[in-house]
Amino acid sequence: MFKVSFFEKTLEFEAPLSVFDAAKAAELVTRAHIAAEVGGTVVGMTHLLAGDCEVKLLTFTDAAGKHVFDHTAAHILAQAVKRLYPATKLTIGPAVESGFYYDFDSDIPFTPDVLAALEGEMKKIVKENLLIERFELPREEARALMEEKGEPYKMQLIDELPADAVISFYRQGEFVDLCAGPHLFSTAAVKAIKLTQCTGAYWKGDQKNKMLQRVYGAAFPSKEELKAHLEALEEARKRDHNKIGRELEYFTTVEEIGQGLPILLPKGSRVIQTLQRWIEDEEQKRGYLLTKTPLMAKRELFKISGHWDHYRDGMFIMGDPDDYSKECFALRPMTCPFQYQVFLNKKRSYRELPMRLGETSTLFRNEDSGEMHGLIRVRQFTISEGHLVLRPEQLEEEFRGCLELAKYVLDTVGMLENCTFRFSQWDPARAGIKYEGTAEQWEEAQRVMGNILDNLGVQYTIGIDEAAFYGPKLDIQYKNVFGKEDTIVTIQIDMLLAEKFGMEYVDSDGQMKTPYIIHRTSLGCYERTLAYLIELYAGALPTWMAPEQVRILPIGDEHIDYAYDVKRRLAAKGVRVEVDDRNETIGKKIRTTQLEKVPYMLVIGDNEMNAGTVAVRSRKEGDKGAVTVDEFLSDLLVEIEEKRR
RNA sequence: GCUGCUAUAGCUCAGUCGGUAGAGCACGUCAUUGGUAAUGACGAGGUCAUCGGUCCGAAUCCGAUUAGCAGCUCCA
């Protein structure tokens, strides 16, 4: 006898039975139940229960249930590929957030036509209602089976499994795949499938390995859900900064200037200027000293910093890097070695620390040609850079200050809700290759940083092998409208570079000490942040940062002079305002294209003139009726000052 | 850098079998209309991304380059 608890009710059984049968006995199972969680492990409905356990039934709406569903969809894809292109070699095919993918090694390119054919074959497989069975084999037999099926990648995967691993397979019809599972009961539940794209991906994610063909897809229990998913994707595309950022004239690119070198048009420039002035002022309030350092330096500087050894491929170098009879310059990829010179300018006392240095810093990185993307990944960008030179006991307090500033800044622009924190650590296996310094130094820096993060109550994930070459980082990750993640802000502890540059201060006991350094940004890089703001607000930026805050619309020729008078009054207070007099007498037929991107519109006509007012139309609140210009202006200035969203 | 796709007017796109280029919107002029997504007429705009090849002839076929997109790898 054993007990199976379904939370709602508990039953007792004598003989082992499947989750499905147990749930059926409990009268809990429906068609929607596609998997289960038994004692915290996700299993299929055919999983045998033989002892006391707690069972939670899963549907597609549970993340774990969707995962099982998508994984089965990936197997159906692989089966379809093997039917239509038997020579294809299978590799791996997991479920991912956006659905699933499967990587294939095939000589035939999977063009859109091929994907359509595969989709058709997948539908057949679903109709065939193939039962999905799990079986386990000892290592040698597992290997032999994969050899017989002609699957070298699967053989390699088997060889790499730990000695005590259970080697399981799943069979559906004629198709067998090495897989840990779990899976659906049958192929029939996967009612709606869309193969979205085919791209390249390296085997095991290693650039040195063969490039495979990755087919992405999405699958749902019903056609309606698939349709809704595809429509949501379409909506996200409408917010794509790379599309609307160009349409709304924030930026453009020019073939002759080159990849990753966007032109910021007047609107984009104005937004960035607004952000930059705000950040510089905010940092000044918080005790930062402003610096302005060169955009380039001789190779010798980067040799000291270590960039020459660790970052040379990512730098733009002018001159022959190997000819030491001549000068060789490089554009700066980072600000650190330049800003350190500010500290090194004279002998420093402990009384001067913490020294907080801030700079709006333009950097140059020679990214690989396939990496560039709109304003998000570029070769020249400007960052709200800063370095804090500290006594050891100031580390925690200053780190907290940096984190508070970053959170305040991200919260103000509205991005904090979509942020997560990542504690980026080194990988000891790459010591001396990617990372400088000793294991002791790294362990110490990471211990200190871990303590600080825990003391501050920061919820973070750990990213192994995500550190900088000189130290661990706290990366603030931003998730965009497509669900893609990028680092927006980073705060790093550096125990190495101060020593390399000979940075020292005289401590209270008269001894020379090496300071700690925090590298940090507050708003990250302006171009990338602008891109995310455009997406976040679908181009309709909050008033305080909008490139055009007010548009004045005179109705009739006789009001044009007054419209310009109102414009002068607003502009004198720093308001970004335009008059639209292009259709001065058109009246009814005023073009309103893109007007929804401007926070306020002032309509000037006879009614308003008689009352000495303007008719205010707010993007957010609609028609606000007639108010005097002074009232409108004072409310507007308060809204801008408060940086309301 | 890698795999796949793409490039025709400022934008969105037609252009069949290889025979010297087309629409709508936008833009300009004139006329017309007094309140929030589209008045009418006329006009201007393209070395079909660039370079090379095949051909009597290339927007169209082939190759290279450049740029853009998706993904991989890398990264703020």
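Residue numbers begin at 1 in each chain, while the letters A, B, ... track the order of the sequences.
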A:K204 or A:A468: which one's nearest nucleotide on RNA chain B is closer to the 5' end? A:K204
What nucleic acid atoms does [X] come within less than 4.0 Å of, heavy atoms only: base, sugar-phosphate, or nothing?
X	value
A:R214	sugar-phosphate
A:I376	base
A:E367	base
A:V378	base
A:K210	nothing
A:K434	sugar-phosphate

Which one, [options], comes nearest to the side chain of [X]?
X	options	result
A:T490	B:rA76, B:rC75, B:rG35	B:rA76
A:Y216	B:rG71, B:rG68, B:rC75	B:rG71
A:T253	B:rC75, B:rU36, B:rG68	B:rG68

Between [Y] and [X], does any NZ, NE, NH1 or NH2 come within less than 4.0 Å of an OD or OE carboxylate oxygen?
X	Y	answer
A:E367	A:R377	yes
A:K267	A:E548	no
A:K479	A:E97	yes
A:E398	A:R356	yes
A:R246	A:E249	no
A:D475	A:R422	yes

Whole angstrom value for the distance that separates [atom2] of [N] from [atom1] of [X]:
X	N	atom1	atom2	value
A:I257	B:rG68	CD1	P	12 Å
A:K243	B:rC69	NZ	P	13 Å
A:H373	B:rC72	NE2	C1'	15 Å

Euclidean distance for [atom1], [N] against [M] (whole angstrom):
N	M	atom1	result
B:rG10	B:rG18	C1'	30 Å
B:rU29	B:rG71	P	44 Å
B:rA7	B:rA49	C1'	6 Å
B:rC17	B:rA26	C1'	35 Å
B:rG19	B:rC27	C1'	33 Å
B:rA58	B:rU16	C1'	16 Å
B:rG4	B:rU73	C1'	16 Å
B:rA14	B:rU8	P	10 Å

Is NZ or CZ of A:R551 both nearer than 6.0 Å to the six-membered ring centre of A:Y600 and within 45° of the ring axis? no
Is a donor-acceptor pair below 3.5 Å formed from side chain A:R237 to base B:rC69, judging by atom type as modelled? no
Taking the side chain from A:Q380 and the backbone from A:F364, do they hold a donor-acceptor pair closer than 3.5 Å? no
Between A:N480 and A:Y532, do the side chains contain an N or O donor and an N or O acceptor separated by less than 3.5 Å? no
Indicate whether any N or O donor in one side chain lies under 3.5 Å from an N or O acceptor in the other, for A:E282 and A:Y288. no
Would you classify B:rC17 as syn or anti? Syn applies when the glycosidic angle is within 90° of 0. syn
Judged by whether its glycosidic angle lies within 90° of 0, B:rG45 is syn
Below 3.5 Å between N/O atoms, which protein atoms pair up with nucleotides 1-9 of chain B? Just atom names and distances, please.
from: B:rG1; atom 1: OP2; to: A:S369; atom 2: OG; distance (Å): 2.1
from: B:rG1; atom 1: O5'; to: A:S369; atom 2: OG; distance (Å): 3.4
from: B:rG1; atom 1: N7; to: A:G370; atom 2: N; distance (Å): 3.1
from: B:rG1; atom 1: O6; to: A:E371; atom 2: OE2; distance (Å): 3.1
from: B:rG1; atom 1: N2; to: A:Y202; atom 2: OH; distance (Å): 2.4
from: B:rC2; atom 1: O4'; to: A:Y202; atom 2: OH; distance (Å): 3.4
from: B:rU3; atom 1: O2; to: A:G200; atom 2: N; distance (Å): 3.2

Can you tell me which stems involve RNA chain B, if a stem is defined as three or more consecutive Watson-Crick or G-U wobble pairs, both distances under 3.5 Å? B:1-7 with B:66-72, B:10-13 with B:22-25, B:27-31 with B:39-43, B:49-53 with B:61-65
Residues forming a salt bridge (charged side-chain N to carboxylate O under 4.0 Å, His left out) with A:E485, sequence neighbours excluded: none
Give a yes/no on whether any side-chain N or O of A:K484 is located under 4.0 angstrom from OP1 or OP2 of B:rG71. yes
